Every structure is written in C-alpha cells, then in structure tokens.
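In what follows, chains are A, B, ... by sequence order, proteins preceding strands, each numbered from 1. As the structure is a prediction and not an experimental result, all values here were calculated from the model.
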Amino acid sequence: MLSELPLLSLVIWFPILGGIAVLFVGDENPARAKALALTVAILSFIISIPLFSSFDATTAAMQFQEFVPWIPMFSVNYHLGVDGFSMPLILLTAFMTVLVVIAGWEVVQYRIAQYMAAFLIMEGLMIGVFAALDAILFYVFFEAMLIPMFLIIGIWGGPRRVYATLKFFLYTFLGSVFMLIALIYLYNQSSSFEILDFHKLPLSLTEQGVIFFAFLLGFAVKVPMWPVHTWLPDAHVEAPTGGSVILAAITLKIGGYGFLRFALPITPDAAAMLDWLVITLSLIAVVYIGLVALIQQDMKKLIAYSSIAHMGFVTLGFFVVFGIYRQTGSLSGAAMGVEGGLVQMVSHGFIAGALFLCVGVLYDRVHSRQIKDYGGVVNTMPIFAAFMVLFGMANAGLPGTSGFVGEFLVILSSFKASFWIAFLAAATLILGAAYTLWLVKRVIFGEIGNSHVAELQDVNTREIIMLSLLAAAVLLIGIWPDPLTSVMHASVDNLLQHITTSKLL
Amino acid sequence: MQNIYLAVVLAPLFGAIIAGLFGRKIGRAGAHWVTIIGVAISFLLSLVVLRHHLGGADPYNESVYTWMMIEGIRLEIGFLVDNLTAVMISTVTFVSLMVHIYTIGYMHDDDGYQRFFSYIALFTFAMLMLVMANNFLQLFFGWEGVGLVSYLLIGFWYKRESAIFASLKAFLVNRVGDFGFLLGIAAVLMAFNSIDYADVFAAAPLMKDMVVQVIPGVDWSLMTLICILLFIGAMGKSAQVPLHVWLPDSMEGPTPISALIHAATMVTAGIFMVARMSPLFELSETALSVVLVIGSITALFMGFLGIIQNDIKRVVAYSTLSQLGYMTVALGVSAYSSAIFHLMTHAFFKALLFLGAGSVIIAMHHEQDIRRMGGLWKYMPITWFTFLLGTLALIGTPGFAGFYSKDSILEAVHYSHIAGAGFAYFAVMLGVFVTSLYSFRLYFIVFHGKARMDHHTKEHLHETPAVVTVPLILLAIPSVVIGAMSIEPLLVGDVFNNAIFVSAEHNVLEPFREHFHGAVSFALHGLTGLPFILVLAGFGSAFYLYMIRPDLPEMIQQKFAALYDIMIRKYLFDEIYQSVFMRGSRNLGTALWKYADAGLIDGVMVNGTARLVGWVASMARCMQTGYLYTYAFAMIIGLLILLTWFVTR
C-alpha cells in the first residue's frame with residue numbers, strides 16, 4: 001500500500017501546503033501558528049521515513065518514481081525519483097526543518113507565522129530539488145528555493161541584511177543562469193529534459209568542457225568553493241539562526257548534489273580532464289579557508305568559514321576518483337572518496353546546524369556574536385558547554401562522531417591518488433581542531449568574562465531537546481555509519497562505472 | 001571469552017556514562033562507586049584474561065560489529081587479544097583502579113567531583129579500546145579518544161587560563177602527530193587494501209622491497225614511509241622530541257590524571273603501537289634508526305631539564321619524557337619486549353611517584369614549589385617511604401623493577417648495530433646518571449634537609465588519608481617486585497612470541513637471553529656494572545649538591561648562566577613554536593582574509609563588478625537626456641555614418 005502512495009510528492013507538497021496554511025493562521029494567533037508549523041514539520045519528517053525504510057539498497061535505479069507530463073510541447077515532465085545520493089539528503093532536510101521550527105519557537109519576535117511558513121515552504125522546495133529527475137523541474141525548484149531564503153535573511157536578518165541578501169541572490173543567480181543555458185543546450189541535443197537521458201547523451205570534448213564549466217559555476221557558488229564563496233560568511237552573519245542552520249545544513253549540499261547528479265555523469269570526460277582544478281580549489285578550501293577561519297572574531301563567520309573548509313572534503317572526495325583511476329588503473333578506493341563526500345555532506349548538516357544553533361542560543365541571551373563578548377560560559381551554562389564541546393569535537397573530526405567518518409574516508413581515498421593531496425587534506429586535522437577548539441576555549445572556558453555571561457541562564461528544555469537530537473545523530477553516525485553508507489553503495493558504484501566510461505562521440 | 005573482553009571494555013564506559021549524565025542525581029558517592037566498580041570489574045576480568053592467555057591460550061581475533069563495509073573492505077570494531085594485549089590491559093586497569101581510589105581523597109573538595117570520575121572512567125574505556133584493537137580504525141578511535149579525555153582533564157580546572165591553554169596545546173600538538181598517523185593508516189590501506197592487523201602483517205613481508213614516489217623521481221621504500229608516518233603519531237602521543245612540548249604543560253591538570261594519563265598509560269600508547277606494529281617496523285631499518293635517534297635525544301635531553309625544574313610535578317614530568325625516550329630507544333633497536341617491559345614497570349613506579357607527589361601537594365595545601373618544602377619525611381612517613389621506593393625503582397637500583405627493564409634496554413642497545421646505535425648507547429648510559437641525579441635531587445629537597453615551608457603550613461603537616469596512602473602502598477609493591485617476577489617470562493621466555501615479531505638480524509635480546517641466569521643473579525651482576533656506578537655517581541652528586549653544599553647549585557647556575565638560560569627556556573622549543581606556528585598561522589590567516597578574501601575577491605571582483613555595472617549605467621544614462629533635439633542629432637549622425645559606410649565599402 002505504501003508503495004502506491006506518491007510519497008515523494010507528499011514530502012514535497014505537504015510542507016509547502018502546510019506552510020501556506022500556517023500563513024493563513026497568521027500572526028494574530030502566534031501560538032496556533034507555531035503549533036501548526038511544528039505539527040507539519042514533524043509529520044513531514046515522519047512521511048519521509050519510508051523513503052529510508054522501504055529503500056532498496058541493492059539497486060542504483062531511481063526509486064519511488066512519479067511521472068506526469070507537464071509541458072508536453074517541450075517534453076517537460078513532472079518526474080520525481082530518488083537514489084542513494086538524494087534519499088539521505090531528503091531525510092536530512094526534513095529532520096533539520098523540525099529543529100529549525102523548534103529553534104525559532106520563542107526567539108522570533110515578529111511575523112512568527114510567516115517565519116515558520118517560509119521554512120516549511122523552503123523545506124518542500126529543497127526536497128523538490130533533490131527529488132527532481134527532470135531538468136526544468138529541478139531548475140524551477142532550484143530557483144524557487146532562493147525566494148524563501150531571500151525573505152528569511154531580508155526580513156528577520158541582522159543590520160546589513162540587504163547587502164547580504166542581494167549578494168546571496170546575485171551570486172547564486174549568476175551561477176544558475178549558466179546552468180540553465182547548459183540545460184537548454186542539452187535539451188537541444190537530446191530532445192528531452194530527462195536528467196537520466198542527459199547522462200546517456202554522447203558529447204564531444206569541447207561541448208563537455210563548456211557544459212562542465214557552466215555546471216561548475218552554478219554549483220561551486222552553492223557549495224561554496226573558493227573563490228566564489230564570499231557570499232556565505234555575509235549571508236550567515238546576517239541570517240537569523242534558523243536561516244543559518246538551513247543554509248549550512250541543506251542549501252550548501254545542493255551544490256555537492258549537483259556535481260553528482262549533473263556535472264560528473266553528464267560531462268565525465270571534461271571532469272576527468274579538469275579534475276585538477278576542482279581538487280585544487282577543494283584543497284584551497286581546506287587549507288586557506290581553514291587559516292582564515294582561525295582569525296575570525298565573529299562566531300558565525302568562523303563557523304561559516306569552517307563550513308567552506310569542510311565542504312572542501314565533499315568536492316575533493318567526488319573528484320579524486322579520476323586521479324585514482326589514472327594512478328592505479330582501477331577504481332579501488334574511489335568509492336571511499338565519493339561515499340566519504342556524501343557522508344561528509346550529511347554529517348556537516350548536523351554539525352554545522354548544531355554549531356549555528358549553539359551560537360543562536362548564546363545570541364538570544366547576550367545579543368552578540370563577537371567572541372570577545374563571551375568567556376567562561378561554562379560557569380553559568382554547564383549543560384550548554386557540554387553540547388558545545390561535543391559539537392566542537394565533532395567539527396574537529398573526532399572519531400566516534402560523524403565529522404570523522406567523511407574526512408577519514410576522503411583522506412584514505414585521496415592517498416591513492418596522490419600523497420600530497422592527502423597531505424594537504426589531512427591538514428584539517430590540525431587546522432580544524434585549531435579554529436574550533438580555540439573558539440571553544442575563548443567562549444566556553446575561562447573565568448566569567450563579563451556581567452552578561454554572569455547572568456546567563458542555562459539551556460531550557462526546548463533547547464536541550466533540539467541539541468540532544470543533533471547530538472544523537474552526530475554520535476550515531478560516528479559510531480555506526482554502516483546504515484547510512486549502505487544505501488549509497490549501489491548508486492556510487494553505478495556512478496563510478498558511468499564516469500570512467502568515455503562519452504566522447 | 002568474547003563476553004569477558006566486551007565486559008572489560010564496557011564496564012568503565014558504563015560507569016563513565018552514569019557518572020557523567022546523572023552525576024547530580026547520584027551524588028558524589030554514587031559517582032565514585034559506579035566508576036570504581038566499573039573499573040574494578042574491568043581489572044578483575046583483565047586478570048582472568050591474563051591468566052587465560054599466559055596459560056597458553058591462542059590469540060583471540062574477532063570482530064564485534066561492522067562499522068562500515070565499503071568496496072568489500074570491512075572496517076570493523078573488533079578485539080585482538082594476545083599476551084601483549086593481556087599484559088597491557090592488566091597494567092592499565094590496575095593503575096586506573098588505584099587512581100580512581102586515590103581520587104576520592106585528592107579531589108575531595110572539588111566541585112567537579114562527578115565530572116572527574118566520569119572522565120577518568122571514560123579514559124579507561126578509550127585506552128582499552130586502543131590496546132585491544134585488531135585494526136587501525138579502532139586503534140585510531142582509541143588513540144583520539146584518549147586524546148579527547150586528556151584534553152578534557154588537562155583543562156579540568158577550566159577557570160585557570162594556564163590550564164585551558166595547556167589543554168588546547170596538548171590537543172593540537174597531538175593532532176600534529178595524528179596527522180602523520182592518519183596518513184600512515186592511509187598508506188597502509190593503499191599498500192594492503194585492508195586495515196586489519198592480521199591481513200596487513202601477513203602480507204607485509206611481500207611488500208619489503210616496494211617503492212613509492214612521494215616526490216616524483218625519488219624512490220622511497222614503502223615500508224619506511226608507512227613506518228615513519230605511523231611513528232609520527234607515536235611521537236605526538238608518547239611525547240618524543242620535537243612533539244614533546246605538551247607533556248610538561250599537561251601538569252596543569254589534577255595530579256591523579258598526571259599519574260594515570262600522562263605517565264602510566266596514555267603516553268605509552270605510542271610505544272605500544274610501535275610494538276604492535278613490529279612486523280612492519282622490522283622491514284625498515286631506516287625507520288628503526290629514526291625511532292632510535294629520536295628516542296635517544298628524548299631520553300637524554302629531557303632528562304637534563306629535569307635537573308633544573310622546581311615544580312615537583314614538572315620534575316616527574318620531565319622524568320616521564322626521558323623514560324619514554326628509553327622505551328622508544330628499545331623499540332628502535334628492535335627490543336620490543338624490553339620496551340613493553342619498561343612500559344609496565346614504569347607505569348607502576350611512575351604512577352607511584354606522581355601519586356606520591358600529589359600526596360605531598362595535598363599535605364602542602366596545593367604548594368608545588370619544591371623550594372618551599374623539605375624535611376617532609378618525618379611528617380608523612382608512608383608517602384616518604386613509598387616515594388623512596390619509587391625513586392629507587394626509577395633510577396634502576398638492582399633488584400627493583402626499573403632495574404630489570406632499564407638494564408635490558410641498555411644491554412639491547414649495546415648489542416645493536418643499526419645506524420645510530422652508538423649515539424643511542426652513549427645517550428642512554430649518560431641518561432642513567434642524569435636520572436639518578438634529578439631523582440635524588442627531588443627526593444632530598446622534598447623529604448630531607450631543612451623544612452622551608454611557612455609556619456602555618458608546617459603546623460598542619462600530616463600524613464594524607466588512607467584513600468591516598470593505600471594506593472601508594474599498592475603501587476609500591478609492584479614497583480619493587482614486578483621486575484624480578486616478570487623478567488623471565490617477558491624477556492627470556494616466549495610470552496610475546498605470538499604478538500611481537502623480530503627479524504633474525506635485529507634480535508638484540510638473543511645474547512641477553514644467553515647470559516641470563518635468573519633474576520637474582522642478574523641483579524647481583526648489576527651491582528658491578530657500569531650503569532650502577534653511574535647511578536651511584538648520580539646519587540653522590542645529588543647528595544653532595546643538595547645535602548652537604550646546598551649553596552653550590554646556585555653558584556653553578558650563575559657560572560653557566562647562558563646554558564641555564566637555554567635550559568630553563570626548554571631549549572626554546574615553545575618560543576619557536578609560538579612565534580613560527582601560532583603567530584605565523586594567525587598572520588597568514590589575517591593576510592589571506594584581509595587581502596585575498598576581503599580585498600581582491602570581495603573588494604575588486606564582487607563589489608567591483610557591482611560598481612562597474614553602476615558606472616556603465618550612469619554613463620548610459622547621460623545619453624538619454626529626454627530632449628528631442630539630442631535624439632534627432634544622434635539620428636542624423638548615425639544616418640551619416642551608415643551612408644558613408646554603404647557608399648565607401
């Protein structure tokens with residue numbers, strides 16, 4: 001019975017319709033709006049669970065497919081489906097939205113119904129991005145997603161929110177326009193907007209090169225990769241806590257997902273030729289951005305830079321495949337890189353989300369994000385301090401936390417391609433620990449820094465629930481990642497076979 | 001047996017979770033009972049395991065659960081229990097149990113009582129995971145786990161700036177080691193396509209002559225690369241020069257953990273790891289030489305620093321560094337059994353010395369400067385006597401535990417012929433004198449001579465309570481007897497044969513075995529050897545300098561002011577690291593941020609594009625004046641140009 005339900009449509013449209021319903025309840029009755037929003041968020045998550053529990057891990061084929069012709073003239077279809085890449089990300093999205101609703105509960109002071117609605121609509125759109133198998137459908141969700149985020153930062157954001165939103169919007173839009181051109185070109189060649197048809201389409205190296213760059217631009221902005229990353233720190237600093245959480249936990253992942261769904265399988269030969277470029281940019285993210293993170297004075301900026309550095313492992317893991325293939329002539333070790341990148345995406349969702357929530361907890365009380373305004377928080381907020389140390393350690397990639405799994409796999413994998421790639425990537429062990437634990441030291445430990453810290457109240461039940469859920473997720477994946485990675489194997493193997501087979505005409 | 005092994009590991013974890021999460025509910029007594037019972041169960045079961053394996057049981061090597069299955073490679077959590085593991089877990093759980101009991105007294109007035117018990121039990125869990133691992137993943141898990149707890153415990157008194165600085169420093173320096181270690185694991189995976197010990201060790205001999213090109217065009221032996229990378233990890237954890245800088249600072253933590261973590265167990269993880277990896281290290285003489293030279297430098301030069309320290313814990317800390325150097329030297333000459341033997345005896349007597357120092361610190365109301373002590377022997381007889389026994393064991397007095405293990409190392413170095421063995425022999429021999437000198441200096445200054453504390457402290461001086469002294473006594477017993485008891489099985493017998501592999505050309509313990517005729521005759525023979533003469537010389541110098549002519553050290557210090565300056569600044573390691581790495585990376589980060597990120601990318605490219613668009617638009621606007629005659633004029637000009645073009649082309 002379950003399999004007959006249009007499950008993917010449900011997880012996309014239920015939160016969107018729920019969000020609209022929350023809008024109708026409106027701000028006159030905030031309690032009801034919040035209760036409705038929480039119900040919708042939790043139900044959306046529950047609806048998404050069968051995607052995991054009924055998922056067939058033995059096949060790389062798309063599952064839970066739905067197909068309805070949409071614009072027959074251009075053969076655009078409402079085509080949904082998931083595989084081992086997208087399914088974990090959909091669950092992550094649904095999970096994080098619940099947390100964001102809880103996080104905004106008492107904190108957002110004005111237009112609470114609209115705030116909650118924006119996140120619910122955002123949830124549906126993001127899931128749409130992950131579930132779309134039609135390029136135009138993907139593009140619509142991809143662009144539509146910008147609107148709620150634009151509003152979230154623009155309405156509930158900090159003092160420089162207008163600059164930040166414009167920067168965020170223009171950056172992303174610029175990248176996606178090139179992507180659209182590439183998609184239309186691919187349609188002209190294949191007379192189909194099916195992403196899976198694009199995968200099969202033979203293309204010359206020149207075509208692949210141009211299309212690859214278009215995708216690279218579109219997705220590198222999202223990830224974000226150096227040097228198109230500067231929108232992220234600004235957006236994070238100005239965004240409200242929930243906005244930062246979703247931005248870091250989900251929207252960055254869309255960039256990584258785009259490489260797997262578009263750039264790698266559609267233009268494998270170009271990707272193999274230009275892998276050095278992406279790998280270089282990834283290593284710049286790990287080392288250069290790691291150093292930049294070290295000296296940040298604003299907690300949110302620090303975590304934003306840390307996000308960029310951690311996302312470097314995602315792109316590194318995806319592109320190191322080609323180096324391994326060239327070096328060893330086999331794909332042994334390549335799956336570790338791709339799966340490491342995927343695990344890193346999920347894990348970073350939890351950890352960066354948790355860290356932004358932690359900063360939010362402090363900001364709600366002291367109204368400052370500056371590190372120097374804190375110090376000795378452990379004295380007044382011991383429970384919070386325990387969470388912060390846990391998430392800090394996870395961010396530093398401690399074994400037993402999810403942060404370790406992805407980095408470990410990617411480093412092991414990249415060693416097969418080149419000692420020096422692994423060497424630079426492993427620098428994160430030192431840099432990641434340095435910027436995270438130095439932050440923890442300055443904020444959490446020490447004598448009580450000032451009168452604000454002295455008056456702090458420890459986390460309340462709502463905050464404990466929110467942080468405990470994340471802590472559980474972080475530890476679970478760290479201690480037993482197999483359930484997560486086993487759903488990816490088939491899709492990853494399929495991708496590896498595909499991208500090491502030339503598509504040249 | 002699997003259930004017993006699981007229980008050994010999980011009992012302390014259970015205690016740690018209960019004490020950590022429900023510390024407030026179960027109260028102080030609840031917290032110490034639940035963790036002590038957990039560790040006690042673990043200890044008793046370890047003894048069962050030890051008996052089982054020394055009784056000739058086959059090594060146990062099984063998986064507990066599959067952490068991840070990828071590309072057909074099983075990454076798992078599993079146990080390898082052989083005689084080496086059995087000796088390690090017994091030592092670890094025994095010292096841990098003693099430290100748990102001692103903590104009841106030492107941390108009596110501390111607000112973080114439950115938290116402390118939770119941490120040390122968690123430490124015990126992580127350490128057991130490390131030594132019982134049957135694969136590199138779990139090894140790394142335990143490795144970083146003990147690092148985490150060490151970080152938490154050094155910074156236990158989180159209000160002290162010096163403590164939280166030291167904890168951060170310890171974690172980061174260890175991470176430098178782990179950086180190499182993780183690359184080493186990656187190299188192992190690349191070479192063997194497995195990270196399971198059994199697979200790797202079985203395939204290792206086939207890889208002996210493999211080369212890799214880390215720098216294009218330069219062939220390096222694969223085994224040398226793997227071993228040196230792994231050893232970098234050991235250098236971090238076991239505090240070998242130049243990654244030793246964190247250990248003296250770790251003394252900012254409470255004394256019980258200095259005994260447990262920073263002397264007896266965690267810092268020996270690197271030694272254990274190299275011994276466990278003996279089938280790999282035996283294949284690379286280059287790597288062994290590196291190990292040997294690093295160990296020799298640490299053994300000698302860190303010992304020197306012990307002579308000039310005035311903080312009771314720091315003297316013992318430098319002594320630990322030096323002794324770790326001895327163990328590393330033993331590894332370098334392939335005397336792995338001697339290294340593990342010294343690790344074990346050292347665990348007992350060094351834990352004893354630290355806990356003794358802690359007992360002194362309690363009695364002195366948390367005064368740690370030895371210049372304000374003196375004559376304590378008559379106030380605290382148990383502490384005094386056990387400390388003396390610990391000192392005698394440390395310096396290698398024939399008959400005491402440290403004598404057997406240290407002498408076997410000296411012998412092994414003597415017979416070794418690998419590169420660096422000559423220097424190593426000189427270093428470890430001179431080190432014997434240095435050890436004796438700093439140990440007796442400490443002993444005389446603290447327990448004998450004039451009482452230099454203030455009147456108030458002196459009036460309240462008394463022996464510490466039983467929870468403190470009983471562990472001292474229980475540790476003093478093995479510090480005296482364990483060497484004589486276990487030298488025969490561990491070194492001469494074949495106890496480690498199923499765990500440690502030594503190739504024929506490196507078998508430096510073989511001559512030692514031939515000359516060995518029982519522990520007693522070994523000790524008697526030791527009385528006439530060069531090491532004992534050096535011990536006596538150290539004792540004599542210390543007695544002369546600190547008992548007969550206490551004015552002399554001051555004079556020597558002034559005479560060699562430059563040398564003293566370098567030594568008191570710890571050979572400048574800290575200052576160089578501070579200015580090169582800490583300040584350097586901050587400056588680099590600032591430069592990248594200010595000039596590249598904010599300046600070039602944001603300033604020129606992003607905002608520059610925005611300004612350019614604005615400028616072009618404002619220029620374009622000038623043309624749209626809204627006056628009809630301007631447009632008419634433009635049309636006429638345009639028409640003229642077009643006509644000209646058509647006509648003249």
Checklist entry - Where does B:Ala596 contact chain A at under 4.5 Å (heavy atoms): side chain, backbone, both or neither? => result both
Item to check | Sub-6.0 Å ring centroid separation between A:Phe404 and B:Phe141 | outcome: no
Checklist entry - Between A:Leu170, A:Ile448, A:Leu409, which residue shows the highest count of heavy-atom pairs closer than 4.5 Å to chain B? => result A:Leu409
Item to check | Top contributor to chain B contacts, counting heavy-atom pairs under 4.5 Å, from A:Ile479, A:Leu166, A:Leu484, A:Ile383 | outcome: A:Ile479
Checklist entry - More than 12 non-hydrogen atoms from neighbouring residues, nucleotides or ligands closer than 6.0 Å to CZ on B:Phe14, yes or no? => result no
Item to check | Structural part of A:Val228 lying under 4.5 Å from a heavy atom of chain B | outcome: neither
Next on the checklist: Heavy-atom pairs under 4.5 Å with chain A: which of B:Ile77, B:Ile73, B:Leu137, B:Leu75 has the most?
Outcome noted: B:Leu137
Checklist outcome for this item: Checked A:Val389, A:Ile444, A:Val405, A:Leu431 vs chain B; the most non-hydrogen pairs under 4.5 Å come from A:Val405
Next on the checklist: Report which part of A:Ala386 has an atom under 4.5 Å of a heavy atom belonging to chain B: side chain, backbone, both, or neither.
Outcome noted: neither
Item to check | Residue among B:Val173, B:Leu148, B:Val214 with most heavy-atom pairs under 4.5 Å to chain A | outcome: B:Val214
Item to check | Audit row: A:Met393, B:Phe171, side-chain contact (heavy atoms from CB on, under 4.5 Å) steps and yes/no | outcome: CA-CA 11 Å; A:Met393 280 295 169; B:Phe171 198 87; 3.8 Å; yes
Checklist entry - For the candidates B:Val212, B:Ile70, B:Val188, which exhibits the highest count of non-hydrogen atom pairs separated by less than 4.5 Å from chain A? => result B:Ile70
Next on the checklist: Heavy-atom pairs under 4.5 Å with chain A - which of B:Ala186, B:Gly147, B:Ala163, B:Ala598 has more of them than the others?
Outcome noted: B:Ala186
Next on the checklist: Would you say that B:Leu229 contacts A:Phe419 through its side chain, given a criterion of any heavy-atom pair below 4.5 Å between the two side chains?
Outcome noted: yes
Next on the checklist: Is B:Leu183 in contact with chain A via its backbone, its side chain, both, or neither, using a 4.5 Å heavy-atom distance?
Outcome noted: both
Item to check | Between A:Ala433, A:Pro481, A:Ala426, the one whose heavy-atom pairs under 4.5 Å with chain B are most numerous | outcome: A:Pro481
Next on the checklist: Can you tell me which portion of B:Ile185 sits under 4.5 Å from chain A's heavy atoms? Options are side chain, backbone, both or neither.
Outcome noted: both
Next on the checklist: Can you tell me how far apart CG (A:Leu437) and CG (B:Leu168) are? Round to the nearest 0.5 Å.
Outcome noted: 6.0 Å
Checklist entry - At a heavy-atom separation under 4.5 Å, does A:Leu294 approach chain B through its side chain, its backbone, both, or neither? => result side chain
Checklist entry - Taking everything shown except B:Phe192 itself, do over 12 heavy atoms lie less than 6.0 Å from its CZ? => result yes
Write out the donor-acceptor pairs between chain B and chain A under 3.5 angstrom, atom names and distance to 0.1.
unit_1: B:Tyr65; atom_1: OH; unit_2: A:Ile479; atom_2: O; d: 2.7
unit_1: B:Thr66; atom_1: O; unit_2: A:Trp480; atom_2: NE1; d: 3.1
unit_1: B:Trp67; atom_1: O; unit_2: A:Asp482; atom_2: N; d: 3.1
unit_1: B:Trp67; atom_1: NE1; unit_2: A:Gly478; atom_2: O; d: 3.0
unit_1: B:Trp67; atom_1: NE1; unit_2: A:Ile479; atom_2: O; d: 3.3
unit_1: B:Met69; atom_1: N; unit_2: A:Asp482; atom_2: OD1; d: 3.0
unit_1: B:Met69; atom_1: O; unit_2: A:His489; atom_2: NE2; d: 2.8
unit_1: B:Glu71; atom_1: OE1; unit_2: A:Gly333; atom_2: N; d: 2.6
unit_1: B:Glu71; atom_1: OE2; unit_2: A:Gly333; atom_2: N; d: 3.1
unit_1: B:Glu71; atom_1: OE2; unit_2: A:Ala334; atom_2: N; d: 3.4
unit_1: B:Glu71; atom_1: OE2; unit_2: A:Ala335; atom_2: N; d: 2.9
unit_1: B:Glu71; atom_1: OE2; unit_2: A:Met336; atom_2: N; d: 3.0
unit_1: B:Tyr158; atom_1: O; unit_2: A:Gly446; atom_2: N; d: 2.8
unit_1: B:Glu161; atom_1: OE2; unit_2: A:Lys441; atom_2: NZ; d: 3.0
unit_1: B:Arg175; atom_1: NH1; unit_2: A:Ala396; atom_2: O; d: 2.9
unit_1: B:Arg175; atom_1: NH1; unit_2: A:Leu429; atom_2: O; d: 2.8
unit_1: B:Arg175; atom_1: NH2; unit_2: A:Ala396; atom_2: O; d: 3.1
unit_1: B:Asn193; atom_1: OD1; unit_2: A:Lys416; atom_2: NZ; d: 3.3
unit_1: B:Val214; atom_1: O; unit_2: A:Trp420; atom_2: NE1; d: 2.7
unit_1: B:Trp593; atom_1: NE1; unit_2: A:Tyr305; atom_2: OH; d: 3.3
unit_1: B:Asp597; atom_1: OD1; unit_2: A:His229; atom_2: NE2; d: 3.1
unit_1: B:Asp597; atom_1: OD1; unit_2: A:Tyr288; atom_2: OH; d: 2.6
unit_1: B:Asp597; atom_1: OD2; unit_2: A:His229; atom_2: NE2; d: 2.7
unit_1: B:Asp597; atom_1: OD2; unit_2: A:Tyr305; atom_2: OH; d: 2.9
unit_1: B:Asp602; atom_1: OD1; unit_2: A:Lys167; atom_2: NZ; d: 3.0
unit_1: B:Asp602; atom_1: OD1; unit_2: A:Thr230; atom_2: OG1; d: 2.7
unit_1: B:Asp602; atom_1: OD2; unit_2: A:Lys167; atom_2: NZ; d: 2.6
unit_1: B:Asn607; atom_1: OD1; unit_2: A:Tyr163; atom_2: OH; d: 3.2
unit_1: B:Asn607; atom_1: ND2; unit_2: A:Tyr163; atom_2: OH; d: 3.3

Item to check | Nearest-0.5 Å distance that lies between atom CD1 in A:Ile430 and atom CZ in B:Phe179 | outcome: 5.5 Å
Next on the checklist: If I measure from the heavy atoms of chain B, does A:Pro382 come under 4.5 Å with its side chain, its backbone, both, or neither?
Outcome noted: side chain
Next on the checklist: Need one label for B:Ala591: side chain, backbone, both or neither, based on atoms under 4.5 Å from any heavy atom in chain A.
Outcome noted: neither
